[in-house]
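First up is the structure itself, then whatever we jot down about it.
Basis for what follows: all heavy atoms, side chains included, without hydrogens, waters or symmetry-related copies. Naming convention: chains lettered A, B, ... in sequence-line order (proteins, then strands); numbering from 1 in each chain. All values reported here derive from a predicted model rather than from experimental measurement.
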Number of protein chains: 2
Amino acid sequence: MSHFPKPNATKKAKLSDVASLANVSASTVSRVLNQPDIVRPEIRERVQKAIDMLDYTPDRMAKALSSGRSHTIGTVVPTIGGSAIFSDGVEALQDELETLGYSLIVSSSRYDIEREFQQIKTLLDYGAAGLVLVGDTFSPDALRLIKKQGIPTVTTYTNKSRHGIPAIGIDNRAAGRELTRLLLKLGHKKFGIVANTALQNDRSQARLDGVREALAEAGVPLPLKNVVEVKLPTIENGRRGLAGLVELQTVPTAIVCTTDALALGAMSEARRKGLHIPDDLSVVGFDDIDVAAESDPALTTVKNPAAEIGRIAADYLNRAMNGQPIPLETELPASLTIRSSTAIAPAR
Amino acid sequence: MSHFPKPNATKKAKLSDVASLANVSASTVSRVLNQPDIVRPEIRERVQKAIDMLDYTPDRMAKALSSGRSHTIGTVVPTIGGSAIFSDGVEALQDELETLGYSLIVSSSRYDIEREFQQIKTLLDYGAAGLVLVGDTFSPDALRLIKKQGIPTVTTYTNKSRHGIPAIGIDNRAAGRELTRLLLKLGHKKFGIVANTALQNDRSQARLDGVREALAEAGVPLPLKNVVEVKLPTIENGRRGLAGLVELQTVPTAIVCTTDALALGAMSEARRKGLHIPDDLSVVGFDDIDVAAESDPALTTVKNPAAEIGRIAADYLNRAMNGQPIPLETELPASLTIRSSTAIAPAR
DNA sequence: CTGAAAGCGCTTACAG
DNA sequence: CTGAAAGCGCTTACAG
């Protein structure tokens, strides 16, 4: 058994300790910390020495409280774990924020808008100086709160700004079109879709819309039954989705899944059912998570540049917090990544 | 272009606003917030009404500063993104902390001990009330800092407590032995290892030790050349590792990779080289990340219960912060998960 | 260029 | 059961 705090715990040195050791006022210590040029070199060095001796580091909390500006940023993503793309974005976001001098509080809403609102509220209570969200669909309460506090906020994985919140991401709809056109070009006419749109997921909805658009353009019908809507973009749901599609009267030859995880599940289930990919069935996903290239066959998908999105989000927030304007919509290229899970449609 | 703060931004209500609206002192408002039973029902309701009207939520920062106890926890993991197991642990950790009333600041050290130390320092400056780390190898500076501040700290993904820091995880060494014994039982005698131990990764080192132990037990030699050490546990390094092992004079029939990502890369590369898994080559990994079950063939591995680790870490921290003792070593079961990437060794 | 004083938004003994 | 006052560890006008 272990106990805290340890008996040998020492209290941290504080600014006033440095001040007395250096024989200066607190104000002066604060200055050498924040605007060293302003203080006489001689004194500056003396204070610096005291800082080093005491191993002093300022309490960011007190600093934030008194200065009115904190250096913590909050983010709410649908999920942090699993095989979703967001963890890559969070990693890049944290990384970039760290170099800019910010810390990141993360929370995952589990694709729940209400929960997202609660988490935003908590982040604000924690004094977050900026917010990084996902998508363009928010609870009215959340929007009101954000507007009310006027805290710098950006949203990610979408290029559409719906509420004045700057957006950074790919054009999901265009990506859906592109992937579909590829399949059409390969001769596919019977499509099946597995889409995690049941929980009003705006990114997947846009992707689905893009698919529909491209199909309509080409005059290829998409019966209602051929679209399986699921809640969460899990591998398991990909399995289930495919299982359903394969039992249709006319079995699709092309399966579009709105995330890679769904596609991996769909491929796995297809294999289990004795279907050969891509000869019997072409499968595509979205995002290009890092395992997408390693499945067998390797998955054809559209790359969602999560790391870049994370970095840009950090930079925009930093700029906004310095009073600089930032673009309302930043569209990143979504590169079509053709691998081995797609092929010419099988002869009927 | 977008600007912050919005012109219509309103300042948050504060405790004193509630106090004047309810015609009571600040102390009283504070009490209805923190120990409602102590205050007369009549007044309590009046204050509550004022709180609701103003939509007041206390500033956690000020609260932390004045009370001396914060509700933010910090974690440093080797990586948040990619196909590592940690994001699942972070998700569960955050989840559980949220229900306990804590927020989580995360940072990723990129498997760099020095960077980890800096991040711990930052977390402490941010007033973290507790720390969740990974592994049992820390920089001396980090250890000194943790001891000095006496802040509740737990470490994860290992069952060994090396510095008095409570550990929660599987017995990686035993897991390595178990996986190896499985392969030995299948008749394998020529082993190849891909281990991310180049960066003094204690978990993978323990796994490797376990492999060595089981082989020694069985009298099966493991030539130096048959162990490829890599830095990061990436899919790409798995590829490279396998490429090297396949060029040995006597090609191994069993490949042990110290993480699933490495194993996925190894399998992918083996396929590319025309080797059939598991007929020509058995491959195993560690962790059982969620895509491990979906690769073709599905990966034989050992489950690392990341979500449970995260939850327990949260609970232990919570207990420690309430002055309760917590176990120094908590070993979680690492269940062997046999799938299709392993088979009887091919006849020589 | 430096210091004394007030203040950030809370909590917490201490009186009453 | 309630309030006035001091304090948490900083920053920031304001004097000097």
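In this structure, A:Gln35 atom CD and C:dC1 atom C1' are separated by 12 Å, rounded to whole Å. For B:Asp17 and C:dG9, the CG to P distance is 9 Å, given to the nearest whole Å. Distance, A:Asp59 CG to D:dC10 P: 5 Å, rounded to whole Å. The CE-C1' distance, from B:Met61 to D:dG9, rounds to 12 Å in whole Å. Between the CG atom of A:Leu124 and the C1' atom of C:dG9 there is a distance of 16 Å, given to the nearest Å. Here the C1' atom of nucleotide C:dC8 and the NZ atom of B:Lys63 are 17 Å apart, to the nearest Å. Atom C1' of nucleotide C:dG9 and atom CG of B:Leu33 are separated by 12 Å, given to the nearest angstrom. Rounded to an integer number of Å, the gap from B:Asn23 CG to D:dC1 P is 20 Å.
Side-chain atoms of B:Gln118 and B:Glu114 include no donor-acceptor pair closer than 3.5 Å.
At a cut-off of 3.5 angstrom, counting only N and O atoms as typed in the model, there is no donor on one side facing an acceptor on the other between the side-chain of B:Arg60 and the base of C:dG9.
Side-chain proximity of B:Ser27 to the nucleotides D:dA5, D:dG9, C:dG3 is greatest for D:dA5. Of the listed nucleotides (C:dA4, C:dC10, D:dT11), C:dC10 has the atom at the smallest distance from the side chain of B:Leu15. Side-chain proximity of B:Thr28 to D:dT12, D:dT2, C:dG9: nearest is D:dT2.
Contact between the side-chain N/O atoms of A:Ser30 and the OP1/OP2 oxygens of D:dC10 is not found at any separation under 4.0 Å. For B:Ser66, no side-chain nitrogen or oxygen approaches OP1 or OP2 of D:dG7 to under 4.0 Å. OP1 or OP2 of D:dC10 has at least one side-chain nitrogen or oxygen of A:Tyr56 nearer than 4.0 Å. OP1 or OP2 of C:dT11 has not a single side-chain nitrogen or oxygen of B:Ser67 nearer than 4.0 Å.
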*Could you provide the dot-bracket string of DNA chain D, using ( ) for intrastrand pairs, [ ] for crossing pairs and | for bases paired to another strand, with Watson-Crick or G-U pairs below 3.5 Å?*
|||.||||||||.|||

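No side-chain donor-acceptor contact under 3.5 Å links A:Asp112 to the backbone of A:Ser109. B:Tyr126 places a side-chain N or O within 3.5 Å of a backbone atom of A:His71 that can act as its donor or acceptor partner. Distance alone, capped at 3.5 Å, is enough to place a donor-acceptor pair between the A:Asp59 side chain and the A:Met61 backbone. Remark: side-chain polar atoms of B:Arg46 are paired, donor with acceptor, to backbone N or O of B:Ala22 under 3.5 angstrom.
Aromatic ring orientation, B:Tyr157 versus B:Phe86: perpendicular (interplanar angle above 60°, classes split at 30° and 60°).
With salt bridges taken as basic N to acidic carboxylate O contacts below 4.0 Å, none links A:Lys14 and A:Asp17. Under 4.0 Å is where a charged nitrogen must lie from a carboxylate oxygen, and between B:Asp95 and A:Arg115 at least one such pair does.
Contact annotation for A:Ile43: backbone-only contact, meaning every heavy-atom pair under 4.0 Å involves sugar-phosphate atoms and none involves a base.
Residues B:Ala62 and B:Arg31 each lie close to DNA chain C; by heavy-atom proximity, the contact nearer the 5' end of the strand is made by B:Ala62.
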